[in-house]
Amino acid sequence: MATFSYTIPLPIRCSTTGNKQDPKKQNLNKIKITGTPTRSVKVDTLSQTAGVAKTSVASVENGHISKEQIRQNIPTKKQFVDYHRQGLIVEGGVGYRQTVVIRSYEVGADKTATLESILNLLQETALNHVWMSGLLSNGFGATHGMMKNNLIWVVSRMQVLVDQYPIWGEIVEIDTWVGASGKNGMRRDWLIRSQATGHVFARATSTWVMMNEKTRRLSKMPEEVRTEISPWFIEKQAIHEDVPEKISKLDSNAKYVNSNLKPKRSDLDMNQHVNNVKYVRWMLETIPDQFLESHQLSGIILEYRRECGSSNIVQSLCEPDEDGILNSGLKQNNDMSPLNRFSLASEIMEGNGLLGSLDKVPLRYTHLLQTQGDTQNEEIVRGKTTWKKKQSNIELSNMPFSI
């Protein structure tokens, strides 16, 4: 009878209350597993509640465990602590919290985290949440029931509000949780805060729906999937929005246009379509450099219309929201004549050096990404960005912390 064996490294939970470790727990760092090709292999994982090894089952296919299964070691049961990812289950056993250090490659020239880095952290913590739930199958965040029905998650709407950007080397905590969104959707929210001060850097919310991976059509949520995920739902919102803001569609008359944008292979995710972060990059690159040098993004809303593949040619359109700036300007300058108010707003949008007069007024842009075809352009995503004047280092150091 053939046998097989391999070694699995496991983290050891250390106590801060004493200097000695339990010798029995020290022996858990390496466990040699021997079995037959016709049986399941039991893999030990660490449980927060018991503080000891907890058994879960990894499947054996065709008489052996695949290298991918060994390398990933996807949990088949709910986990409470993930030492490798610095994550743990919170909110009564259904929310997720991960501790992250802002790395050098996640910041820009000003040593603060970029919006792209924040979006990547949101995506990573969402997937890690599903990972620890024990529901993750081989798909990109898909559950076992979803895989049986050839379903994948696609985001239909996302909103991010940024009060302040974390700095290089800062330790942040990211909380994420899910809730119901209508009959066939799911809402996922996030909070990003400083571990040192408790200051909330950013809030985010998103709406997700299911799409058939083969037909690329939206699908209703099967009861099997609803049964899997509904126990994880929380009735809490990171961003309260009574009526979602509608984003108008831009046309070829938009003020700023970038054409002939071609996705690269590195832009594709595991579902074989362009990653959401790439969409944001295309949008922001359309905004004039002079504006970006003096302003930072404080909010973004994205409405997704269709997926974008590697064969698509993309066009990015951008239009300053002059009405919004004019209305904001009126609140700040009630003594100005209507003509002067309009002139001021126009000069601000042209970047003629008058931005300082409205430092505290948020400026907005409307965006559209669309496929660039010979006869017809199809919408990929609509967007709305909100901006505020960049603060100096002195202003940042004098900011009060909210705990």
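The first residue of the sequence shown is numbered 1, and numbering continues consecutively from there.
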Is there side-chain contact between [X] and [Y], with heavy atoms separated by less than 4.5 Å?
X	Y	answer
T371	R306	yes
V101	E170	no
L261	I313	no
I152	R216	yes
W190	S206	yes
H273	P263	no
L151	M211	no
L292	L284	no

Does [Y] offer a backbone N or O that forms a donor-acceptor pair with the side chain of [X] under 3.5 Å?
X	Y	result
T125	L122	yes
K388	D163	yes
T112	I167	no
D269	Q272	yes
Q195	R193	no
E106	R103	yes
K264	S310	no
N312	G309	yes

What is the distance from atom [atom1] of [X] to atom [atom2] of [Y], rounded to the nearest 0.5 Å?
X	Y	atom1	atom2	answer
L127	Y96	CG	OH	10.0 Å
S133	K77	OG	NZ	14.5 Å
I192	L161	CD1	CG	11.5 Å
S219	N184	OG	CG	7.5 Å
N275	M270	CG	CE	9.5 Å
M221	N149	CE	CG	11.5 Å

Between [X] and [Y], what is the shortest heavy-atom contact and its length?
X	Y	result
P166	V172	CB-CG1, 3.9 Å
L88	M132	CA-CE, 4.2 Å
T207	S181	CG2-OG, 3.4 Å
V94	I89	N-CG2, 3.7 Å
A204	A238	O-CB, 3.7 Å
A113	I102	CB-CG2, 4.2 Å

Do [X] and [Y] pair up side chain to side chain, a donor and an acceptor below 3.5 Å, judged on atom types alone?
X	Y	result
Q370	Q315	yes
R188	T176	yes
D189	Q237	no

* Residue of the set E303, R157, H367 for which side chain to side chain contact (heavy atoms under 4.5 Å, CB included) holds with I247 -> E303
* To do: Please report the C-alpha distance between V274 and W282 in whole Å, then the side-chain angles of each, then the deciding distance to 0.1 Å, and finally whether the side-chain contact (heavy atoms from CB on, under 4.5 Å) criterion is met.
  => CA-CA 11 Å; V274 174; W282 279 334; 4.3 Å; yes
* Give every residue pair that meets the salt bridge (Lys or Arg N to Asp or Glu O under 4.0 Å) criterion with at least one member in residues 282-291, sequence neighbours excluded. => none
* Before giving the answer on side-chain contact (heavy atoms from CB on, under 4.5 Å), spell out for T99 and E173 the whole-Å C-alpha distance, their side-chain angles and the decisive distance to 0.1 Å. => CA-CA 5 Å; T99 303; E173 293 178 343; 4.2 Å; yes
* **Residue pair T286, S316: steps toward the side-chain hydrogen bond (donor to acceptor under 3.5 Å, both in side chains) verdict** => CA-CA 7 Å; T286 314; S316 179; 2.7 Å; yes
* Of R97, Q98, H129, the residue whose pairing with D175 passes side-chain hydrogen bond (donor to acceptor under 3.5 Å, both in side chains) ->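 Only one of R97, Q98, H129 forms a side-chain hydrogen bond (donor to acceptor under 3.5 Å, both in side chains) with D175, namely R97.
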* Asked: More than 12 non-hydrogen atoms from neighbouring residues, nucleotides or ligands closer than 6.0 Å to NZ on K262, yes or no?
  ->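 It does: K262 NZ has more than 12 such atoms within range.
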* Asked: Would you say E235 has more than 12 foreign heavy atoms packed within less than 6.0 Å of its CD?
  ->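 It does not: E235 CD has 12 such atoms or fewer within range.
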* Set of ring pair (Phe, Tyr, Trp, His ring centres under 6.0 Å) partners for W131, sequence neighbours left out ->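 If we apply the ring pair (Phe, Tyr, Trp, His ring centres under 6.0 Å) test to W131, skipping adjacent residues, there are no hits.
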* **Any residue meeting side-chain hydrogen bond (donor to acceptor under 3.5 Å, both in side chains) with T143, in chain and number order, not counting sequence neighbours** =>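 Listed in chain order: E228.
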* Show the numbers, then the answer: is there a side-chain contact (heavy atoms from CB on, under 4.5 Å) between V100 and I174? => CA-CA 8 Å; V100 176; I174 305 175; 4.2 Å; yes
* Asked: Given the rule in the side-chain contact (heavy atoms from CB on, under 4.5 Å) test, do R281 and Y279 qualify, once you have shown the distances and angles that lead to the verdict?
  -> CA-CA 5 Å; R281 187 180 306 164; Y279 293 154; over 6 Å; no
* To do: Mind telling me whether Y365 and W387 have parallel, tilted or perpendicular rings, with 30° and 60° as the class edges?
  =>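 The arrangement is perpendicular - the two ring planes meet at more than 60°.
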* Pairs meeting criterion ring pair (Phe, Tyr, Trp, His ring centres under 6.0 Å) with involvement of residues 150-189, two or more places apart -> none
* Would you call E319 and K255 a salt bridge, taking side-chain N to carboxylate O under 4.0 Å as the test? -> no
* To do: May I ask you to say whether K384 pairs ionically with D321, meaning some side-chain N is under 4.0 Å from a carboxylate O?
  => yes
* Test salt bridge (charged side-chain N to carboxylate O under 4.0 Å, His left out) applied to E91 - qualifying residues, sequence neighbours left out -> K236
* **For E223, salt bridge (charged side-chain N to carboxylate O under 4.0 Å, His left out) partners two or more places apart** => R226
